[in-house]
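Structure first, commentary second.
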Number of protein chains: 2
Amino acid sequence: MTDTPRPSKRNEIRAQNETLILQAAEKVFAEAGFGGATMQLIADVAGLPKANLHYYFATKEELYRRVVQNIFEIWLHAADSMDGADDPAEGIGAYIEAKMEISRRHPNGSKVWASEVMHGAPVIQDYLETTLRDWTRGRAALIQRWIDEGKMAPVDPEHLLYMLWATTQHYADFGHQIETLNGGRPLDDLQWQAAKDSVKSMILRGIGAA
Amino acid sequence: MTDTPRPSKRNEIRAQNETLILQAAEKVFAEAGFGGATMQLIADVAGLPKANLHYYFATKEELYRRVVQNIFEIWLHAADSMDGADDPAEGIGAYIEAKMEISRRHPNGSKVWASEVMHGAPVIQDYLETTLRDWTRGRAALIQRWIDEGKMAPVDPEHLLYMLWATTQHYADFGHQIETLNGGRPLDDLQWQAAKDSVKSMILRGIGAA
DNA sequence: TCTCTCCTTGACCATATGGTCAGGAAAAGA
DNA sequence: TCTTTTCCTGACCATATGGTCAAGGAGAGA
């Protein structure tokens with residue numbers, strides 16, 4: 001998808017700075033929202049002068065768009081785990097696993113995504129209408145097939161997908177709340193495992209695939 | 001909780017304008033986030049001059065805080081539906097119903113709340129640590145009791161609560177996404193009913209209380 | 001080495017925004 | 001009616017912010 005130009009000092013610097021900026025931007029956008037984020041703060045986090053950001057990303061909007069697109073890629077790729085399976089317990093279980101892992105590894109990305117959608121998807125509306133819609137139709141069909149084959153209860157596939165998204169992403173988007181309720185400490189390895197297991201078992205049982 | 005001063009033209013005007021501003025603010029904060037919202041825009045939506053907002057609410061932060069507190073009230077009150085029941089199917093079913101109704105009636109409030117938590121709860125951290133924590137402990141204990149009484153499967157009460165919050169609030173916070181996937185139209189009455197039924201049946205079955 | 005292209009950045013600018021204030025209008029009370 | 005208190009608002013201000021630019025520095029190719 002992204003072409004990798006032959007490495008040279010120049011290209012290295014470019015790639016390095018771009019990812020540096022994108023990482024900083026993701027963090028700042030997640031913590032402050034698009035409106036609350038400032039190019040100056042992103043620059044500080046990235047450890048670069050502000051003018052340098054504008055060399056790589058012309059506008060705040062462009063930088064933001066790149067951040068959101070990156071998340072969307074990751075988000076969609078998690079679906080791969082669902083595809084290979086011919087069993088809901090296996091397929092949906094793996095999908096939950098993958099999405100929980102995303103919530104754990106990319107909480108900021110998840111927040112940016114949530115924020116983007118909450119604000120009416122100003123920059124990725126077209127993706128929602130094309131890529132995401134196709135994706136959703138495909139998985140809904142897959143789920144429907146499983147239902148028809150008697151492998152799970154006859155639930156509404158779309159609402160099942162919403163439940164999967166909601167529940168898994170909640171651990172990133174509302175991570176602060178969960179952390180607060182956990183005595184101010186982030187979930188540790190064991191607690192993450194418990195979270196995954198809980199979500200998986202409740203949902204799989206909920207769709208009659210346990 | 002809020003004392004109602006004896007009605008007079010003055011107090012009426014005050015109350016009326018405050019709610020007018022709060023409603024406008026809720027909408028604008030939900031759509032633009034705290035950072036993206038401007039006092040000018042809120043004023044325009046409320047149909048008042050900007051200086052008038054500052055007469056009733058000294059600062060943007062104060063106005064925002066009031067909006068968030070209002071949501072929190074509603075949010076907590078939904079729990080009442082869970083309390084009367086001595087059966088998980090009844091109690092949790094009613095709670096889902098109540099929270100789905102909130103998502104439908106107060107989507108903007110839900111978004112403001114989500115945004116606030118996502119950004120680290122800058123203004124309601126103390127509520128999270130006191131009111132919400134107590135609330136959560138109480139309901140977790142209630143759920144545990146149901147489990148001990150053999151009325152439902154032995155799930156982790158906290159993760160069940162997270163799932164309830166996540167799933168129900170998703171219909172407000174990600175309403176735009178759902179609307180897009182629904183062909184650009186908001187869910188109609190029937191679809192909302194289907195959503196409620198889906199969520200309820202999947203979760204209740206998932207906790208062995210169906 | 002010389003030249004060209006790309007990278008870096010301090011200084012700068014126009015604008016938008018939160019917030020102020022003085023003075024007037026409208027209720028409330030005496 | 002007269003006074004006091006509350007409400008209303010246009011004009012104004014200081015500041016923060018996104019974005020620009022010109023001049024210099026560093027790789028790359030010849």
Side-chain angles (χ1 to χ4, degrees), chain A residues 3-29 31-68 112 115 119 122-123, chain B residues 3-29 31-68 112 115 119 122-123:
Chain A
D3 41 85
T4 319
R6 102 182 196 293
S8 69
K9 187 103 182 189
R10 282 259 174 89
N11 293 330
E12 232 171 82
I13 287 179
R14 173 155 222 118
Q16 205 169 326
N17 279 344
E18 278 189 357
T19 55
L20 189 65
I21 294 169
L22 284 170
Q23 283 175 346
E26 180 180 287
K27 183 175 182 186
V28 173
F29 282 133
E31 287 171 1
F34 177 80
T38 68
M39 292 298 269
Q40 185 60 62
L41 182 54
I42 295 172
D44 291 347
V45 171
L48 294 173
K50 191 185 68 160
N52 210 348
L53 297 207
H54 281 99
Y55 175 74
Y56 286 102
F57 302 92
T59 67
K60 189 183 173 186
E61 273 82 5
E62 187 186 320
L63 176 52
Y64 175 73
R65 188 173 307 133
R66 284 284 302 273
V67 170
V68 172
V112 173
S115 191
H119 296 355
V123 322
Chain B
D3 43 86
T4 320
R6 98 180 200 294
S8 69
K9 187 102 182 188
R10 283 263 172 86
N11 294 329
E12 233 171 83
I13 288 179
R14 172 155 224 117
Q16 206 169 326
N17 280 343
E18 278 190 357
T19 56
L20 190 66
I21 293 169
L22 283 170
Q23 282 174 348
E26 179 179 288
K27 183 174 182 189
V28 174
F29 282 133
E31 286 171 0
F34 177 80
T38 69
M39 293 297 270
Q40 185 60 60
L41 183 55
I42 295 172
D44 292 346
V45 171
L48 295 173
K50 190 184 68 157
N52 210 348
L53 297 209
H54 281 99
Y55 175 74
Y56 286 102
F57 301 92
T59 67
K60 190 183 172 185
E61 273 84 6
E62 187 185 321
L63 177 53
Y64 175 74
R65 189 173 306 133
R66 285 285 300 273
V67 170
V68 172
V112 173
S115 191
H119 296 356
V123 322

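Letters go in sequence order (proteins before strands), and every chain restarts at 1.
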Look at A:Y55 and C:dT8 and indicate whether a side-chain polar atom (N or O) is within less than 4.0 Å of OP1 or OP2. no
Does the side chain of B:E61 reach to within under 4.5 Å of the side chain of B:V123, using non-hydrogen atoms? no
For atom CG of B:D44 and atom C1' of D:dT9, their distance in whole Å: 14 Å
Grab the CG-P distance between A:L53 and C:dC7 for me, whole Å please. 15 Å
Mind listing the closest non-hydrogen atom pair of B:V67 and B:A25 along with its distance? CG2-CB, 3.8 Å
Encode nucleotides 16-23 of chain C as B, S and - characters from 5' to 3', where the letter depends on protein heavy atoms closer than 4.0 Å: B to the base, S only to sugar-phosphate, - to neither. -SBBBB--
Do you know which two heavy atoms are closest between A:F57 and A:E62, and how far apart they sit? CA-OE2, 4.1 Å
Salt-bridged, A:E18 to A:R14, with N to O below 4.0 Å? yes
B:N52 CG to C:dG24 C1', in whole Å, measures 14 Å
Tell me which nucleotide among C:dT9, C:dC7, D:dT9 gets nearest to the side chain of A:P49. C:dT9
Can you tell me how far the OG1 atom of A:T19 sits from the CD atom of A:E26, to the nearest 0.5 Å? 11.5 Å
May I ask you to say what B:Y56 touches in the nucleic acid, namely base, sugar-phosphate or nothing, with a heavy-atom cut-off under 4.0 Å? sugar-phosphate
Evaluate side chain to side chain contact (heavy atoms under 4.5 Å, CB included) for A:M39 paired with A:L63, printing each intermediate quantity in order. CA-CA 10 Å; A:M39 292 298 269; A:L63 176 52; 4.2 Å; yes
Here the pair of heavy atoms bringing A:A32 nearest to A:A37 is CB-N, 3.7 Å
Would you say C:dC6 has OP1 or OP2 under 4.0 Å from some side-chain N or O of A:N11? no
Ranges pairing with ranges for DNA chain C, where each run has three or more Watson-Crick or G-U pairs under 3.5 Å: C:1-30 with D:1-30
Given side chains that start at C-beta, do those of B:I42 and B:L48 come closer than 4.5 Å, heavy atoms only? no
Non-neighbouring partners of A:Y64 that pass ring-ring contact (aromatic ring centres under 6.0 Å, His included), sequence neighbours left out: A:F29, A:F34
Over all strands shown, is A:L48 touching base, sugar-phosphate only, or nothing at heavy-atom distances under 4.0 angstrom? nothing
Hey, is the side chain of A:R14 poking within less than 4.0 Å of OP1 or OP2 on C:dC6, counting only N and O atoms? no
